[in-house]
Protein chains: 2
Amino acid sequence: MPTTIKDIAKALGLSTSTVSRALNDHPQINDETKNTIRTLAERLNYKPNQAAAGLRTHKTYCIGLIVPSISTHFFSTVISGIQQVASARGYQLLICQTKESEDEEKKYIDALVSGRVDGLMISVSRGTKNFDHLRYATEEMPVVLFDRVTEEVDAILVEAKDYEGSHKGTTHLIKRGCKNIAHLAGSKGLVVAQNRQKGYEAALKDHGMKVDERMIVDCDWDKEKVPEAIKLLLRHNPNLDGIFAANDEVAVQAILELKKLKLKVPEQVAIVGFGNYPISEIVEPTLTTVKHHPRRIGANAAHKLLSSIDPGYTNWKEEYITSDLIKRGSA
Amino acid sequence: MPTTIKDIAKALGLSTSTVSRALNDHPQINDETKNTIRTLAERLNYKPNQAAAGLRTHKTYCIGLIVPSISTHFFSTVISGIQQVASARGYQLLICQTKESEDEEKKYIDALVSGRVDGLMISVSRGTKNFDHLRYATEEMPVVLFDRVTEEVDAILVEAKDYEGSHKGTTHLIKRGCKNIAHLAGSKGLVVAQNRQKGYEAALKDHGMKVDERMIVDCDWDKEKVPEAIKLLLRHNPNLDGIFAANDEVAVQAILELKKLKLKVPEQVAIVGFGNYPISEIVEPTLTTVKHHPRRIGANAAHKLLSSIDPGYTNWKEEYITSDLIKRGSA
DNA sequence: CTGAAAGCGCTTACAG
DNA sequence: CTGAAAGCGCTTACAG
């Protein structure tokens, strides 16, 4: 059995009230008393039971995190960023993954909202069509939505510069001289994918080019769908000379596929991705891509949530999220 | 304020005891009473406060996870595996990352052991030299150590087949005709790195080849150190014709570096990695490597921990951890 | 089958 | 400066 406040009180002939106050550095406790209590606490290796304290104070010092997947490069890096700022502020992180399922998302929200956490960070599942459970969460506690956001609920939002980045990436292809630029799009239902597509379309228009719906193929962020998509594009327009892909995984797969078809990258078809993930430096040619900031997104999301939980803490500076192009071999 | 057992009791003119029992499906409660209670609980969207329940029952239904890093491909995949089995058994996952620091590891163990979790899963930091805090944890609750294990403490261990896999990988190079095989080793202090090195050495000896200490270079799992390591090896032995790398990241970097030096892979130098991580399929030539099973390792570790927490649950079958070679272009 | 009571480990208004 | 008491939301032995 771990040491409790009671053990210390008994050993010292004091009340638990006094021990509790001493341990919490209450100003009205005699310094000597504090010292004795702390010394003994140290020696008995006393650790406060946060669950018990939380029961009284309605604070758990835990925040819940719900993501579609833990193991992709993007999300694992976001999580790492969140964990670091949460921990620095004395909060623990409870992690759940939905596997893109609305049911799982609902289940986890229910479990976490029931007194386990002080706030919630969510990246919405692809499968989520009904937003009632998210609305319920926002009524119960502070909620921040990141990356996979929705305007359907009233929560704090943290996003990457998807539109701007895609605009820059596409513009780079245009400046390079590409005339027939396709877009390998993400999942149509996701705002983040829509924003990237909008950035692509706007860049074309801004340079007096027409948007051809048939040059936009939904790959669902799924690299398996890339070979088919590329063939479709080439059938529609054999003059295809540029591709802006909604993420690096799809872009890299496109490079591999074009090479298989004996098309030269970037000479015949130039490619730009989104993410700057590790594979972008490994593929040959290396991938020109828009830099993503998963760690900063995580840190900002965590800071915003914690500032909403403890309005006292406000003096952090938001980390800057850019959308800079990293020029490499593929475009 | 969320609904409590008290609200339900009051609304129904029953005692909290009865409500609690009904909600926990206690056999001695009248079916009709159960129904009324459950119906109301449902309607009020009642969710039990697990922290409060845990205070009484000494169960938190949380397990703690301490890893050196959340965002590497290996660990993020392990975590995903852990999360899935924990969740399936009704447990939540608390995640901490040590950034390879012994101090952080100690801090997190202290925080988690203090009544927050029912058990602990740890992958030990590179920086950990003193194991007292791990020993302390094992005295307080069930602990499983995975991947980064140590024999210094009495815990449940879950490891990959590092020795066998490395033996197979090295043997493949030998069978291919390589005569001067180097090893790009992991961090010397880690058992997992030592086991991979031992597998390499044993394979050489088993085929009547000598182990040359100077053909083993410690890269510390760090791809930044690879270019230097390769140059060192070539200086020592210009006939270098094979490399077994302790992980894929290092192996891929070795391929890139050799290409830079105008050495042909696999014709002049053949390379085998360990891990089968995504980059191994993207690099050119694609990487021959030993398949790792991070998800299964996570699942097994979680199952073992939960079986140790609830000895009742025993009928799960351990997932099979193999060490098969995946032959691709680099060897 | 149901209830009153005690208690898990803590905090905190109230009193002295 | 310190303590007695109540209470956070739950469970459970004891009684009836």
Side-chain angles (χ1 to χ4, degrees), chain A residues 1-38 40-41 44-62 90 111-118 140-141, chain B residues 1-38 40-41 44-62 90 111-118 140-141:
Chain A
M1 283 286 89
T3 310
T4 70
I5 242 175
K6 217 177 182 176
D7 302 325
I8 299 179
K10 205 182 294 172
L12 258 28
L14 290 167
S15 74
T16 56
S17 323
T18 304
V19 174
S20 170
R21 290 195 186 98
L23 262 11
N24 289 311
D25 205 16
H26 188 105
Q28 283 188 178
I29 299 291
N30 185 307
D31 279 348
E32 226 171 287
T33 318
K34 273 188 193 170
N35 274 334
T36 339
I37 290 172
R38 286 172 181 174
L40 184 62
L44 297 180
N45 196 19
Y46 169 76
K47 302 281 188 284
N49 179 326
Q50 296 295 350
L55 203 53
R56 272 299 324 241
T57 59
H58 291 287
K59 283 278 304 171
T60 65
Y61 287 98
C62 276
L112 292 177
V113 164
S114 64
R116 283 189 165 296
V117 297
D118 296 336
E140 298 293 325
M141 55 178 64
Chain B
M1 282 288 86
T3 310
T4 70
I5 240 174
K6 220 180 185 171
D7 302 325
I8 299 178
K10 204 182 295 170
L12 259 27
L14 289 168
S15 73
T16 57
S17 323
T18 303
V19 174
S20 170
R21 290 195 185 100
L23 262 13
N24 289 309
D25 205 16
H26 189 105
Q28 283 189 178
I29 299 290
N30 184 307
D31 280 347
E32 226 171 289
T33 317
K34 274 189 192 170
N35 274 334
T36 339
I37 291 173
R38 286 174 180 169
L40 184 62
L44 297 180
N45 198 18
Y46 168 77
K47 301 283 190 286
N49 180 326
Q50 296 295 348
L55 202 55
R56 272 296 326 239
T57 58
H58 292 288
K59 281 280 302 172
T60 65
Y61 287 98
C62 276
L112 293 178
V113 164
S114 65
R116 281 188 166 299
V117 296
D118 296 336
E140 298 293 324
M141 55 179 61

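So you know, we letter chains A, B, ... as the sequences are listed, proteins then strands, and number each from 1.
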**OP:** Specify the residue among B:Ser15 and B:His58 whose closest nucleotide of DNA chain C lies further upstream toward the 5′ end.
**Re:** B:Ser15
**OP:** Can you tell me the distance, in whole Å, between the CG atom of B:Asp7 and the P atom of D:dG9?
**Re:** 8 Å
**OP:** Check the distance between C:dC8's P and A:Lys47's NZ and give it to me in whole angstrom.
**Re:** 21 Å
Subject >> side-chain N/O B:Thr33 vs C:dT2 OP1/OP2, d < 4.0 Å >> reply: yes
Subject >> Sugar-phosphate, base or nothing in reach of B:Ser17, heavy atoms under 4.0 Å >> reply: base
Original post:
Within a radius of less than 6.0 Å around NZ of A:Lys59, do more than 12 heavy atoms belonging to other residues, nucleotides or ligands occur?
Top reply: yes
Original post:
What is the distance from CG of A:Asn24 to P of C:dG9, rounded to the nearest Å?
Top reply: 17 Å
**OP:** For the side chain of A:Thr4, starting at C-beta, report the closest nucleotide among C:dG9, D:dG9, C:dT11.
**Re:** C:dG9
Subject >> Spacing of A:Asp31 atom CG relative to D:dC1 atom C1', expressed in whole Å >> reply: 11 Å
**OP:** Report the distance from atom OG1 of A:Thr57 to atom CG of A:Leu55, rounding to the nearest 0.5 Å.
**Re:** 8.5 Å
Original post:
Out of C:dT11, D:dT12, C:dG9, which nucleotide sits closest to the side chain of A:Ala53?
Top reply: C:dT11
Original post:
Counting side-chain heavy atoms from C-beta on, which of C:dA4, D:dT2, C:dG9 comes nearest to B:Arg21?
Top reply: C:dA4
Original post:
Please give, in whole Å, the distance from D:dT11 C1' to B:Leu55 CG?
Top reply: 10 Å
Original post:
In whole angstrom, what separates B:Asp25's CG from D:dT11's C1'?
Top reply: 15 Å
Original post:
Would one find a side-chain N or O of A:Ser20 under 4.0 angstrom from OP1 or OP2 of C:dT11?
Top reply: yes
Original post:
How far does CG of A:Leu44 sit from OG1 of A:Thr4, to the nearest 0.5 angstrom?
Top reply: 10.0 Å
Subject >> Nearest-nucleotide pick for B:Gln28, side chain only, options being C:dT2, D:dC8, C:dC8 >> reply: C:dT2
Original post:
Mapping B:Leu14 and A:Ile5 to their closest nucleotides on DNA chain C, which lands nearer the 5' end?
Top reply: B:Leu14
Subject >> B:Thr18 side chain to B:Ser15 side chain, donor-acceptor N/O pair below 3.5 angstrom >> reply: yes
Original post:
Are B:Asp31 and B:Arg38 ion-paired here, with the side-chain N under 4.0 Å from a carboxylate O?
Top reply: no
Subject >> Side chain of B:Asn49 - closest among D:dT2, C:dT11, D:dG9 >> reply: D:dG9
Original post:
Counting side-chain heavy atoms from C-beta on, which of C:dA13, C:dG9, D:dT12 comes nearest to B:Arg56?
Top reply: D:dT12
Original post:
Under 4.0 Å between a side-chain N or O of A:Tyr46 and OP1 or OP2 of C:dC10?
Top reply: yes
Original post:
Taking the same atom, C1', in C:dT12 and in C:dG16, what whole-Å distance lies between them?
Top reply: 16 Å
Subject >> Identified pairing partner of C:dG16, criterion: Watson-Crick or G-U wobble below 3.5 Å >> reply: D:dC1
**OP:** Check the distance between C:dG9's C1' and A:Lys59's NZ and give it to me in whole angstrom.
**Re:** 19 Å
**OP:** Kindly give the heavy-atom pair with the smallest separation between B:Lys34 and B:Pro27, and that separation in Å.
**Re:** NZ-CA, 4.3 Å
Original post:
For the side chain of B:Lys6, counting heavy atoms from C-beta on, which of D:dC8, C:dC1, C:dC10 is nearest?
Top reply: D:dC8
Original post:
Could you give the NZ-to-C1' distance, from B:Lys10 to C:dA4, as a whole number of Å?
Top reply: 17 Å
